[in-house]
Protein chains: 2
Amino acid sequence: MASAQSTTSKRRLTAKGALTRERIVSTASDLMYVQGVERTSLDDVIEASGTGKSQMYHYFADKSELVGEVVHTQIERVIANQDPLLRRLDSMRGLERWRDAVVAGNRSRRGAHGCPLGSLSSELADYSEPARTALSTGFDAWESLFADGLGRMQEKGELDDDADPAALARGLMAALQGGLLLAQAKRDADSLAIALDMALAHIRARTTPSASRPRASRSDGENVPDTTDH
Amino acid sequence: MASAQSTTSKRRLTAKGALTRERIVSTASDLMYVQGVERTSLDDVIEASGTGKSQMYHYFADKSELVGEVVHTQIERVIANQDPLLRRLDSMRGLERWRDAVVAGNRSRRGAHGCPLGSLSSELADYSEPARTALSTGFDAWESLFADGLGRMQEKGELDDDADPAALARGLMAALQGGLLLAQAKRDADSLAIALDMALAHIRARTTPSASRPRASRSDGENVPDTTDH
DNA sequence: GCGGTACTGGACTGATGAGTTCATCCGCAA
DNA sequence: TTGCGGATGAACTCATCAGTCCAGTACCGC
């Protein structure tokens, strides 16, 4: 959606041209995911996509514009990947299934590469304001999938009314990103599992015991004593 | 300490030479922290450190060796920075103070740059196995500071006996790293605050309410509303 | 089928980066 | 004092990378 030709207002695109452009962006996204943005040269992209210099500069003003499209693409990919898993989320059980899927995926590549958005953010956030805002928005969209699911849990009565879905979603996202980062450094998905279990326990603690509780795990009554001072 | 001249077994170093070498590493560490490893050229380092090409290659075989030293330095810096805050940690109160310090530091730079180790890991873990293992070890050392503190809480009876300090420490580290990453993307330390509050709540849930609790806690709340909550 | 515009191939440029070479300088010890 | 090995400065090579140019081809609308 929203093809977005940011700065360079390219004229019309024929079907063929749009396809070539898409091939370049897609190839660049793959390459930059596995080797990083800075380590990926335009020549790499050109060779891997079977195109040429003139195509590259016909469709993009410069590398930064291509990177912008890559950011956009990766956000869409992540959302497209996560949406089916989270769209119907409305229970702790569903969250646990999501957790299992994410951990399994990470384990299969031994933590390598980390999160597409997380990696891009770490590499670009301080150097490209447009990329940073795009990624920030992307994270928000992703978090909304969590928050919406938590909201549904609330409606069902499985989650306490006074729980804050947005804050819980933010915490879950942080645990996910941190877990992925540690898993990448340690080449071990266990770190991700531990991080996500922490986040899930934090949510579970705001759950009403009466409701469906599949796992008879030991209590996670996260009693919160006092407000941290300033 | 532990000068460590990894691969290139440089001959002896005079006091002067050691100083120059140290200046190069220190400058490189600063630059690579704020602009990233890949974006920092040796010429940048040479200019900023007021040295020359010949010094650079007199003390380091190539860029990757310098990067190795930078990784080493950043780990030492982080530990040196965190140790005073965590060495005596033995209570929730202490953890909360640590949280406040970390959040305040992050807020002062609006999330920029993230964690020195986290950024390096994201940039290097997939491309340099030596860097990856060094960073993995660095994270472990850092986590040990947490785990040791949690162990002291256990001895004091403030933390449940069946709680697992190592797992709680790993979760806390993941929350920290994820929170820093999101804070960097959103230019907003609140994400870090939320993430750390989640981790602290998770630990607090394994705390024995009866035990020494310095602060006259007012009744249970639920979530921890922090300073300038979002 | 005709004109124009999108599309493509490929050679070229200029800058920058990593790494090299070499002559010289300096400090220390016998 | 002399000499050796470490320390330094500066010019140089070579590869790569972003970005340009131009000529030629394919395609779309009329």
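Labels below follow one simple rule: chain letters A, B, ... track the order of the sequence lines, proteins then strands, and each chain is numbered from 1.
- In this structure, CZ of B:R21 is placed 15 Å from P of D:dG6, rounded to the nearest angstrom.
- Note: CD (A:Q55) to C1' (C:dA6) measures 12 Å, nearest angstrom.
- Atom pair A:L19:CG and D:dA26:C1' shows a separation of 15 Å (rounding to whole Å applied).
- Of the candidates D:dG19, D:dC28, C:dG10, the closest approach to any side-chain atom of A:S54 belongs to C:dG10.
- No hydrogens or angles considered: a donor-acceptor pair under 3.5 Å links the side chains of A:T40 and A:Q35.
- As judged by a 4.0 angstrom heavy-atom cut-off over every strand, B:K16 is placed among residues touching the sugar-phosphate backbone only.
- Between the OH atom of A:Y57 and the P atom of C:dG9 there is a distance of 17 Å, rounded to whole Å.
- Put simply, the side chain of B:K53 and the base of C:dG19 share a donor and an acceptor less than 3.5 Å apart.
- One interatomic measurement links the two molecules: CG of A:L42 to P of D:dA15, which rounds to 21 Å at whole-angstrom precision.
- Taking atom CE of B:M56 as the reference point, atom C1' of C:dG17 lies 12 Å away to the nearest angstrom.
- Closest to the side chain of B:K63, from the set D:dG19, C:dG19, C:dG10, is C:dG19.
- Counting only N and O atoms by type, the side chains of B:Q55 and B:T20 include no donor and acceptor under 3.5 Å apart.
- The side-chain hydrogen bond (donor to acceptor under 3.5 Å, both in side chains) test applied to A:K53 returns A:D43, not counting sequence neighbours.
- With hydrogens and angles left out, the side-chain atoms of A:S191 and B:R170 include a donor and acceptor closer than 3.5 Å.
- Rounded to a whole Å, the CD atom of B:E47 is 14 Å from the P atom of D:dA10.
- B:S26 places no side-chain N or O within donor-acceptor distance of the main-chain N or O of B:E22, the cut-off being under 3.5 Å.
- For B:L13, counting side-chain heavy atoms from C-beta on, the closest listed nucleotide (C:dG17, D:dA7, D:dC17) is D:dA7.
- Summarising the geometry, the separation between NE2 on A:H58 and C1' on D:dA26 is reported as 12 Å, rounded to the nearest angstrom.
- The shortest distance between the side-chain N/O atoms of A:T20 and the OP1/OP2 oxygens of C:dC7 is not below 4.0 Å.
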